[in-house]
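Structure record follows, encoded as structure tokens.
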Amino acid sequence: MKRLNLFLCAAALTSASFAQTAALNPGTVSYTIQQDGKDLGAASYTIQNAPNKYILTSNGKMTESKFSYAFSNTQKVDTSLNLIAAQLSGVVNGKAVSFGLKSDPTGRQFKLDISANGQQEQNAIDRDLNTVMLTDLDPAGYMLLAQVAMRSPSNSWALIPKENGFLVPVKFSSKPDTQGRLNGQPVHVRYTSAAISSQNAITIELFYSTDGKLLEADLPEQNFYVIRDGFKLTNRPKAPAPPHGEAPPPESQQQGPPTAATQ
């Protein structure tokens with residue numbers, strides 16, 4: 001089984017806010033995790049309103065052959081979807097990991113606390129607008145990424161909860177709209193390809209409604225699909241090649257299996 005590429009990225013905080021305020025609807029949305037047309041597991045997220053912020057809780061679990069992975073993530077974002085804090089825990093092949101972050105008093109950095117392989121690590125990374133925490137196979141992160149894509153920002157970032165945490169740039173490419181069916185009803189589908197990192201980039205193919213509700217997120221290089229329950233693309237577009245013609249490194253060059261910390 002192809003293993004997931006996990007990353008993290010950081011950027012410099014500015015005092016500006018998103019040009020427009022997002023609106024997330026409270027509730028729970030469930031997804032199926034697939035590979036090669038086979039259901040491997042499930043994931044979901046729940047959105048709750050809170051004073052001056054949203055609380056997003058998400059979780060997922062999948063198993064395949066000798067590989068198992070589960071995560072639980074709680075994120076706090078402001079009403080413009082700027083990340084405030086997050087607490088991620090996971091289990092990869094029976095090994096527990098955790099990854100926590102919160103904004104420092106200046107609001108210009110994230111303080112990170114990582115626990116993995118029996119070791120505790122701390123780190124600090126710059127904060128920036130348009131930053132999304134991308135936990136593997138976490139539909140909440142893909143939904144927030146779609147919300148950022150709708151704004152067409154000049155700069156955006158993915159925070160990858162792996163190792164001691166890091167930030168990588170995200171480049172969005174708008175693709176022609178397509179069609180699908182949700183619970184048997186036709187639905188217009190927007191499509192954006194997000195290239196994560198500038199070197200050895202992977203792409204996340206985002207399919208979402210006109211108001212930014214995630215319908216499907218595809219990771220073609222890893223052959224994983226996170227699909228909203230009841231949704232089906234009518235015609236699946238062919239995924240674009242990775243940026244600059246680069247492909248992910250072979251598994252032998254990757255640093256082991258995905259860690260839930262990147263979740």
Side-chain angles (χ1 to χ4, degrees), residues 4 18 21-35 38-63 68-92 98-101 131-150 158-159 161 180-192 194 204-219 224-233 258 260-263:
L4 303 174
F18 281 131
T21 298
L24 300 183
N25 295 323
T28 299
V29 188
S30 299
Y31 296 79
T32 299
I33 300 170
Q34 293 186 354
Q35 186 183 61
K38 178 183 177 182
D39 292 355
L40 299 183
S44 66
Y45 67 79
T46 298
I47 299 172
Q48 296 174 283
N49 286 330
N52 302 315
K53 60 180 173 288
Y54 296 105
I55 299 174
L56 288 79
T57 56
S58 54
N59 59 78
K61 182 178 182 180
M62 60 160 280
T63 57
S68 63
Y69 165 60
F71 72 89
S72 178
N73 192 12
T74 298
Q75 301 184 69
K76 296 179 181 179
V77 299
D78 67 20
T79 53
S80 293
L81 305 189
N82 295 301
L83 183 61
I84 300 170
Q87 183 61 54
L88 166 69
S89 61
V91 179
V92 180
S98 66
F99 186 98
L101 70 88
T131 296
V132 176
M133 181 173 172
L134 287 183
T135 297
D136 288 314
L137 305 179
D138 185 350
Y142 302 145
M143 179 274 292
L144 291 172
L145 197 63
Q147 292 280 341
V148 172
M150 292 176 66
L159 170 59
R181 299 186 73 83
L182 180 62
N183 299 324
Q185 300 300 313
V187 59
H188 187 80
V189 180
R190 298 190 64 179
Y191 173 27
T192 297
I204 300 175
E205 309 305 312
L206 299 167
F207 300 92
Y208 50 97
S209 64
T210 54
D211 57 354
K213 292 184 175 66
L214 180 72
L215 299 170
E216 180 172 329
D218 300 349
L219 286 74
F224 280 101
Y225 302 82
V226 179
I227 305 172
R228 179 169 174 166
D229 290 355
F231 175 72
K232 184 177 180 61
L233 280 170
T262 117
Q263 302 336 302

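Computed from heavy atoms alone, side chains included, the values below leave out hydrogens, waters and symmetry copies. No experiment lies behind these values; they were computed from the predicted model shown.
- Rounding to the nearest 0.5 Å places CD of Glu216 at 4.5 Å from CG of Leu233.
- Between Lys38 and Leu40, the closest side-chain pair of non-hydrogen atoms falls below 4.5 Å.
- Across every non-hydrogen atom of Leu215 and Ser209, the tightest pair is CD1-N, 3.8 Å.
- Not a single ring-ring contact (aromatic ring centres under 6.0 Å, His included) links Tyr225 to another residue, sequence neighbours left out.
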Please report, to 0.1 Å, the donor-acceptor pairs under 3.5 Å made by any side chain of residues 23-31, with sequence neighbours excluded.
from	atom 1	to	atom 2	distance (Å)
Thr28	OG1	Thr46	OG1	2.7
Tyr31	OH	Leu214	O	2.8

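- Of all heavy-atom pairs spanning Leu145 and Ala194, the tightest one is CD2-CB, 4.0 Å.
- For the residue pair Gly141 and Val132, the shortest heavy atom distance occurs at O-CG1, 3.4 Å.
- When all heavy atoms of Ala149 and Thr192 are compared, the pair lying nearest together is CB-CG2, 4.0 Å.
- Residues Phe224 and Val226 form no side-chain contact, since every pair of their non-hydrogen atoms from C-beta on lies 4.5 Å or further apart.
- Note: Met143 CE to Tyr208 OH = 13.5 Å, rounded to the nearest 0.5 Å.
- When all heavy atoms are compared, the tightest approach of Met133 to Ala86 is SD-CB, 3.5 Å.
- In this view, Ser44 satisfies the side-chain hydrogen bond (donor to acceptor under 3.5 Å, both in side chains) rule with no residue, not counting sequence neighbours.
- At least one side-chain heavy atom of Met150 sits less than 4.5 Å from a side-chain heavy atom of Arg190.
- In this view, Asp229 and Thr32 satisfy the side-chain hydrogen bond (donor to acceptor under 3.5 Å, both in side chains) rule, not counting sequence neighbours.
- Counting heavy atoms from C-beta on, the side chains of Leu81 and Leu144 come closer than 4.5 Å.
- Using a 4.5 Å heavy-atom threshold, the side chains of Phe71 and Val92 count as separate.
- Taken to the nearest 0.5 Å, the CD1 atom of Ile33 stands 11.5 Å off from the NZ atom of Lys61.
- Asn73 CG to Asn59 CG: the interatomic distance, rounded to the nearest 0.5 Å, is 9.5 Å.
- For the atom pair OH of Tyr191 and CG of Asp218, the computed distance is 7.5 Å after rounding to the nearest 0.5 Å.
- Across all their heavy atoms, Tyr54 and Thr79 have their closest contact at CE1-CA, 4.0 Å.
- One distance of note links CD of Gln35 with CG of Leu219; it measures 10.5 Å at 0.5 Å rounding.
- Under the 4.5 Å side-chain criterion, counting only non-hydrogen atoms from C-beta, Phe231 is in contact with Val189.
- Scanning for side-chain contact (heavy atoms from CB on, under 4.5 Å) contacts around Lys76 gives Lys53, Ile55, Ile84, with sequence neighbours left out.
- Scored by the side-chain contact (heavy atoms from CB on, under 4.5 Å) test, Ala140 finds Tyr45, Leu56, Ser58, Gln75, Asp138 as partners (sequence neighbours excluded).
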